[in-house]
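Any value given below was found using the heavy atoms of this structure, including those in side chains, with hydrogens, waters and symmetry copies removed. First the proteins, then the strands, lettered A, B, ... as listed; each starts at 1.
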2 protein chains.
Amino acid sequence: MKEFKINDPQPAFIQLLSFFKALADEKRLKIIGLLAQKPQSVENISAALGLSVSTTSHHLSRLSKAGLVSARAEGYYSIYSLNTEKLHQMSQQVLQPQNLPELAPEAVEDVFERKVLNAFIDAEGRIKAFPAQQKKFLVLLRYVVNAFEPDTTYTEKEVNEILLRFNPDTAQLRRSLVEHHLMSREGGGGQYWRTDETP
Amino acid sequence: MKEFKINDPQPAFIQLLSFFKALADEKRLKIIGLLAQKPQSVENISAALGLSVSTTSHHLSRLSKAGLVSARAEGYYSIYSLNTEKLHQMSQQVLQPQNLPELAPEAVEDVFERKVLNAFIDAEGRIKAFPAQQKKFLVLLRYVVNAFEPDTTYTEKEVNEILLRFNPDTAQLRRSLVEHHLMSREGGGGQYWRTDETP
DNA sequence: AAATTAATTTTACAATTATCGAATTAGATT
DNA sequence: AATCTAATTCGATAATTGTAAAATTAATTT
């Protein structure tokens with residue numbers, strides 16, 4: 001097996017990109033269509049497309065680099081033919097949903113959230129002020145709720161102790177956490193727990 | 001609204017081309033990867049890609065025109081998400097081998113053959129001279145053999161009469177036609193017929 | 001050997017397009 | 001109403017790329 005990790009910037013990405021670039025041209029797409037009918041010489045292709053031979057040769061070279069066509073020498077002709085397996089392989093494999101996320105650069109933390117946290121959390125991790133905008137407030141609540149362990153129950157007193165690390169107004173925080181379903185409370189008593197994230 | 005219908009050359013071709021063009025860019029391919037993870041705002045995407053917001057917006061617009069992503073307004077955000085069905089549909093359907101030939105322009109008659117015929121056949125359809133190159137000579141033979149009906153037997157005399165319309169050297173023509181298996185001859189007698197083309 | 005032929009490579013240019021900043025639009029907040 | 005925020009559109013520029021003519025290469029024919 002190969003080691004792709006070190007210094008190799010996603011060969012799959014490069015390959016996919018050159019595949020799309022190879023086919024992202026009117027003339028080259030038509031060449032694919034021509035070669036799907038039968039293998040042909042460069043001159044023949046250029047006549048069918050109304051292009052000069054040199055331009056056609058250039059296009060064929062690009063398709064060839066992407067592995068979509070290949071040429072065999074026959075006399076002083078180059079007879080190009082379609083690599084149907086390659087074409088099939090690319091169209092089948094590479095755009096499968098499960099492979100797509102790998103195309104992305106490392107996911108960046110949400111810009112909006114970072115902005116809000118920068119604006120309302122001080123260096124000690126405490127909430128400086130409560131934003132009026134609900135969306136921003138929710139960001140803070142999600143930040144706060146991380147202080148609670150999943151699958152653990154807390155008394156109201158314990159909850160308040162933890163919330164006090166963020167802001168003196170523990171009542172509002174506690175109430176909001178429950179309101180927005182980030183924490184759950186058992187009906188009458190003082191039992192709290194972090195709501196399961198999976199919906 | 002615009003009228004797209006009239007003079008619309010192969011909508012399938014156009015659609016396929018714009019599909020490939022949409023994905024033939026590094027940044028846009030990465031956007032696909034990002035949106036495959038989760039729907040995101042323009043600002044978030046631009047941060048992940050290291051691009052300006054306006055450039056990102058432009059890329060998203062291109063992807064959107066190709067039908068690969070769509071946006072929903074949420075507050076003053078545009079949350080873009082991936083159209084996975086469309087992506088799946090395109091990658092599955094459109095590059096299937098049986099559809100490929102339709103991408104080509106109307107097939108042009110073979111350039112080499114046309115050249116040879118122009119060079120060696122006069123205005124009356126007669127062979128001006130016999131080319132030394134075997135490949136060219138074969139083109140002439142295939143041209144000549146069309147004067148014979150399929151599934152018909154001819155005597156040697158009839159064959160010579162027909163060949164005389166092309167060139168006085170009927171003996172060479174007759175012999176070459178048989179040699180190259182364009183016509184068949186019954187063992188001893190003088191019965192000739194056009195060889196069936198299907199191999 | 002000289003001439004011919006098909007293809008590739010090189011060079012130069014025109015067309016396209018990716019990019020960004022500035023201006024504008026649409027929506028939300030104060 | 002005035003302000004703020006995210007997104008889009010516009011205008012300009014830089015980079016890419018499709019195109020063809022000319023020069024070169026490779027193979028064949030005379």
Side-chain angles (χ1 to χ4, degrees), chain A residues 17-18 20-31 40-47 49-66 69-80 110-113 115-116 119 129-137, chain B residues 17-18 20-31 40-47 49-66 69-80 110-116 118-120 129-137 139:
Chain A
L17 184 57
S18 79
F20 285 126
K21 282 193 167 180
L23 294 175
D25 177 86
E26 177 199 341
K27 302 299 167 56
R28 286 198 289 271
L29 206 48
K30 285 182 176 169
I31 289 178
Q40 293 181 56
S41 70
V42 177
E43 192 175 22
N44 224 44
I45 297 169
S46 71
L49 296 178
L51 285 180
S52 77
V53 175
S54 65
T55 301
T56 306
S57 182
H58 165 249
H59 283 315
L60 287 166
S61 154
R62 272 180 78 75
L63 287 172
S64 178
K65 269 174 194 150
V69 306
S70 45
R72 67 167 195 277
E74 188 169 296
Y76 36 49
Y77 295 82
S78 291
I79 305 296
Y80 278 87
D110 196 79
V111 172
F112 176 75
E113 291 195 2
K115 274 189 189 172
V116 172
F130 290 105
Q133 225 173 322
Q134 167 165 314
K135 204 158 185 167
K136 295 181 180 174
F137 188 53
Chain B
L17 185 58
S18 80
F20 285 127
K21 282 193 168 179
L23 294 175
D25 177 88
E26 179 199 338
K27 302 297 167 54
R28 285 197 291 270
L29 205 48
K30 285 182 175 168
I31 289 177
Q40 294 181 54
S41 70
V42 177
E43 192 175 24
N44 223 44
I45 297 169
S46 72
L49 296 178
L51 285 180
S52 76
V53 175
S54 64
T55 302
T56 305
S57 182
H58 164 250
H59 283 315
L60 286 167
S61 155
R62 273 182 77 77
L63 287 170
S64 178
K65 269 176 195 151
V69 307
S70 46
R72 69 168 194 276
E74 189 169 294
Y76 36 47
Y77 294 83
S78 290
I79 304 297
Y80 279 87
D110 196 79
V111 171
F112 176 75
E113 291 195 2
R114 194 174 59 218
K115 274 188 189 175
V116 171
N118 282 340
F120 292 93
F130 290 105
Q133 227 173 319
Q134 166 164 317
K135 205 159 184 165
K136 295 180 181 175
F137 189 53
V139 171

Subject >> Residue pair Thr56(A) / Ser52(A): nearest heavy atoms and the distance that separates them >> reply: OG1-O, 2.9 Å

Subject >> Upstream residue (5' side of DNA chain D) when Gly75(A) and Thr56(A) are each assigned their closest nucleotide >> reply: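 The residue whose closest nucleotide sits nearer the 5' end is Thr56(A).
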
From C-beta outward on [X], which listed nucleotide comes closest to its side chain: [options]?
X: Ser52(A); options: dG18(D), dT19(D), dA20(D); answer: dA20(D)
X: Ser78(B); options: dT8(D), dA7(C), dG18(D); answer: dT8(D)
X: Tyr80(B); options: dT8(D), dA20(D), dA7(D); answer: dT8(D)
X: Tyr77(B); options: dA6(D), dG18(D), dT19(D); answer: dA6(D)
X: Glu43(A); options: dT8(D), dA7(C), dA7(D); answer: dA7(C)
X: Val42(A); options: dA18(C), dA20(D), dT8(C); answer: dT8(C)
X: Arg62(A); options: dA20(D), dG18(D), dA7(D); answer: dG18(D)
X: Lys21(B); options: dA6(C), dT17(C), dA22(C); answer: dT17(C)

Original post:
Base, sugar-phosphate, or nothing: which does Val53(A) touch, judged by heavy atoms less than 4.0 Å apart?
Top reply: base

Rounded to whole angstrom units, what separation is found between the [atom1] atom of [X] and the [atom2] atom of [N]?
X: Phe137(B); N: dT30(D); atom1: CZ; atom2: P; value: 13 Å
X: Arg28(A); N: dG18(D); atom1: CZ; atom2: P; value: 4 Å
X: Glu74(B); N: dA7(D); atom1: CD; atom2: C1'; value: 14 Å
X: Asp25(A); N: dT16(C); atom1: CG; atom2: P; value: 12 Å
X: His58(A); N: dC13(C); atom1: NE2; atom2: C1'; value: 14 Å
X: Leu49(A); N: dA20(D); atom1: CG; atom2: C1'; value: 15 Å
X: Glu26(A); N: dT17(C); atom1: CD; atom2: C1'; value: 17 Å
X: Tyr76(A); N: dA27(D); atom1: OH; atom2: P; value: 13 Å

Original post:
For dT19(D), does either OP1 or OP2 sit under 4.0 Å from a side-chain N or O belonging to His59(A)?
Top reply: yes

Original post:
Is the shortest heavy-atom distance from the side chain of Leu51(A) to the side chain of His59(A) under 4.5 Å?
Top reply: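 With C-beta onward as the side chain, the pair touches.
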
**OP:** Answer whether the closest heavy-atom distance between the side chains of Leu23(B) and Leu63(B) falls below 4.5 Å.
**Re:** yes

Original post:
What about Thr55(A): does its side chain form a donor-acceptor pair under 3.5 Å with the base of dG18(D)?
Top reply: no

Original post:
What orientation do Phe20(A) and Phe20(B) show, parallel under 30°, tilted 30 to 60°, or perpendicular over 60°?
Top reply: tilted

Original post:
Where the side chain of Arg28(B) meets the backbone of Ala22(B), is there a donor-acceptor pair that is under 3.5 Å apart?
Top reply: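 A pair under 3.5 Å: yes.
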
